[in-house]
Amino acid sequence: MDTILVTGCAGFIGSHVCELLLAKGFKVIGIDNFDPFYNRTLKEQNLNNFLHHAAFDFYEYDICTDLDRVPEADIKAVIHLAAKAGVRPSLQNPTSYIHTNIVGTQQIQDFMLKRGITKLVFASSSSVYGNNKKVPFAESDVVDYPISPYAFTKKAGELMNYTFHHLHQVDIINLRFFTVYGPRQRPDLAINKFIQLIKYNKTLTLFGDGSTARDYTYIDDTVKGIYAALQYCMQESNVYAIVNLGNKTPVTLNELVDEIYRVLNKQKNVLFEEMQPGDVDITFADITVAKNLLNYTPTVSIEEGLSKYVSWLDDNQNR
Ligand code: NAD
């Protein structure tokens, strides 16, 4: 069976991707440096779900410095998810984002060239659309106005990947994820924070007037899209594509919060504060390309996804 290298394998999305690949019969080499952006214990918990699978090998390596140490193996494709994630912290420390997300992506490309690997699926982001006014966001839209360092590192990754494809005929799909949520979600993401505060009857602070909206995508839908992109990349040649993986259904902050209060059966208790710099007004994916190219159709509504996530949190009290 083919071997796939997954970077960021201990993270939220990476751990789900590894599990799916192992279930499909792939061999997986996973790399993660347990970046201190959030608690190492949470990442170890993610990893423990498949760490001892016979077809999984884990290396605690940094993509920026350690890729030469990856053992020689017939790696067929790379799913590159490792990154400094998070919009707001990127304003405080842009250099570290440039290092991991841009230099790190270059290191991945150098590694692929050295090892003769010609298939790449890359984690980009809806943040590249910045505050574009035209919705839904389509891959053909101009994305020259990112409003956070995180966003420009993701746009840079897409550009670097185009050059890599052009010069070395590597097949590449850049996937623009739209606010992914569900079991193992990063602790810094809004849905997770809100649930924790509401559960313990704390006041919620909301930035803006509640009218900002996000195209929340349930993790299972995102992971299905990543798998479809991998398959497409591996089967086809001369591939360079940018693909939105969203839910095509923006939900306002007010709607989201109301739904969480409903699911948790709690009394609403919110405060509004000014919008935070770097935050965009809306994300809204046009998923026509994903549907046509990858046969991607998200199936989990926000109501269903939130209920599933809350019951997972109930079963995993340490999260
Ligand atoms: P995450 O932080 O849970 O996972 C990223 C993983 O990469 C972490 O485990 C981290 O330790 C690892 N990592 C960071 N720097 C590394 C390095 N130098 N070397 C090796 N490993 C390193 O984040 P996530 O939410 O799972 O995001 C995965 C990818 O998807 C990221 O590229 C992120 O930018 C992108 N993305 C996520 C979302 C979302 O809503 N979660 C939205 C858009 C894009």
Side-chain angles (χ1 to χ4, degrees), residues 5-19 29-47 58-67 69-70 78-87 89-90 93 96-108 111 120-129 137 146 148-158 161 174-192 214-219 221-223 225-226 229 242-247 280 283 285 305 309 319:
L5 177 79
V6 178
T7 70
C9 66
F12 165 40
I13 300 175
S15 61
H16 286 280
V17 167
C18 289
E19 273 189 308
I29 296 178
I31 293 180
D32 203 295
N33 72 341
F34 297 107
D35 181 276
F37 177 56
Y38 65 90
N39 198 324
R40 178 185 178 112
T41 315
L42 298 179
K43 296 180 187 181
E44 285 174 345
Q45 284 170 9
N46 294 343
L47 207 52
F58 174 65
Y59 298 95
E60 185 175 340
Y61 288 168
D62 187 321
I63 54 162
C64 298
T65 51
D66 300 329
L67 289 172
R69 298 167 65 197
V70 174
V78 175
I79 301 182
H80 178 32
L81 304 169
K84 288 264 186 202
V87 170
S90 75
N93 194 353
S96 73
Y97 278 68
I98 290 169
H99 183 66
T100 302
N101 299 3
I102 300 182
V103 177
T105 298
Q106 185 59 52
Q107 293 299 311
I108 291 289
F111 168 80
L120 172 65
V121 175
F122 171 72
S124 185
S125 167
S126 61
S127 352
V128 301
Y129 291 105
F137 297 154
S148 68
Y150 169 72
F152 80 64
T153 63
K154 288 293 174 183
K155 170 68 181 161
E158 293 181 356
N161 286 340
N174 297 310
L175 295 173
R176 291 179 178 165
F177 303 148
F178 282 68
T179 321
V180 190
Y181 72 102
R184 306 181 198 155
Q185 191 185 27
R186 294 197 330 253
D188 62 298
L189 290 169
I191 289 185
N192 184 65
R214 296 286 177 274
D215 198 353
Y216 297 101
T217 314
Y218 192 68
I219 181 71
D221 285 327
T222 303
V223 170
I226 296 171
I242 297 177
V243 181
N244 287 339
L245 279 191
N247 199 40
V280 301
T283 65
Y309 183 33
R319 300 297 291 232

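All ligand and atom numbering here is 1-based and tracks the order in the structure. No experiment lies behind these values; they were computed from the predicted model shown. Basis for what follows: all heavy atoms, side chains included, without hydrogens, waters or symmetry-related copies.
- Listed by number with element, the atoms of ligand 1 under 4.0 angstrom from any heavy atom of G8 are 6 (C), 7 (O), 12 (C).
- Using a 4.0 Å cut-off between heavy atoms, T100 contacts ligand 1 through its side chain alone, with no backbone atom that close.
- The distance from ligand 1 to the heavy atoms of Y150 drops below 4.0 Å at these ligand atoms: 33 (C), 34 (O), 35 (C), 36 (N), 43 (C), 44 (C).
- Per-residue contacts place Y61 under 4.0 angstrom from the following atoms of ligand 1 (heavy atoms of the residue considered): 19 (N), 20 (C).
- Taking the centre of each ring, F58 and F34 come in below the 6.0 Å mark.
- Side chains of Y129 and N244: a donor-acceptor N/O pair is present below 3.5 angstrom, by distance only.
- At under 3.5 Å, not a single nitrogen or oxygen of S125, backbone or side chain, sits near a nitrogen or oxygen of ligand 1.
- In terms of heavy atoms, Y150 sits closest to A85 at CE1-CA, 3.9 Å.
- Ligand 1 has at least one atom lying under 4.0 Å from a heavy atom of S124.
- The distance criterion of under 3.5 Å between nitrogen or oxygen atoms is met by D35 with respect to ligand 1.
- Only side-chain heavy atoms of Y38 come within less than 4.0 Å of ligand 1; its backbone N, CA, C and O stay farther off.
- The two residues G86 and R186 make their nearest non-hydrogen contact at N-NH2, 3.5 Å.
- Using cut-offs of 30° and 60° on the angle between ring planes, the pair Y181 and Y218 is perpendicular.
- For K154 and E158, the salt-bridge test fails: no basic side-chain N is under 4.0 Å from an acidic carboxylate O.
- Taking 4.0 Å as the cut-off, Q185 does not count as a neighbour of ligand 1 on heavy-atom distance.
- For I63, a nitrogen or oxygen atom sits less than 3.5 Å from a nitrogen or oxygen atom of ligand 1, counting backbone and side chain alike.
- Residue contacts with ligand 1 include A10, since one of its heavy atoms falls under 4.0 Å from the ligand.
- The shortest N or O to N or O distance between G14 and ligand 1 is not under 3.5 Å.
- The nearest protein atom to atom 11 (O) of ligand 1, hydrogens excluded, is given as D32 OD1, 2.6 Å; this is a heavy-atom distance.
- Contacts of K154 with ligand 1, taken as heavy-atom pairs under 4.0 Å, involve the side chain alone.
- Inclusion of F178 in the set of residues having an N or O under 3.5 Å from an N or O of ligand 1 is not warranted.
- Judged purely by atom type and a 3.5 angstrom limit, H80 has no side-chain atom pairing as donor or acceptor with the backbone of G104.
- At under 3.5 Å, not a single nitrogen or oxygen of F37, backbone or side chain, sits near a nitrogen or oxygen of ligand 1.
- Salt-bridge formation is not detected for the pair E60/R69: no Lys NZ or Arg NE/NH1/NH2 atom is positioned less than 4.0 Å from an Asp or Glu carboxylate oxygen.
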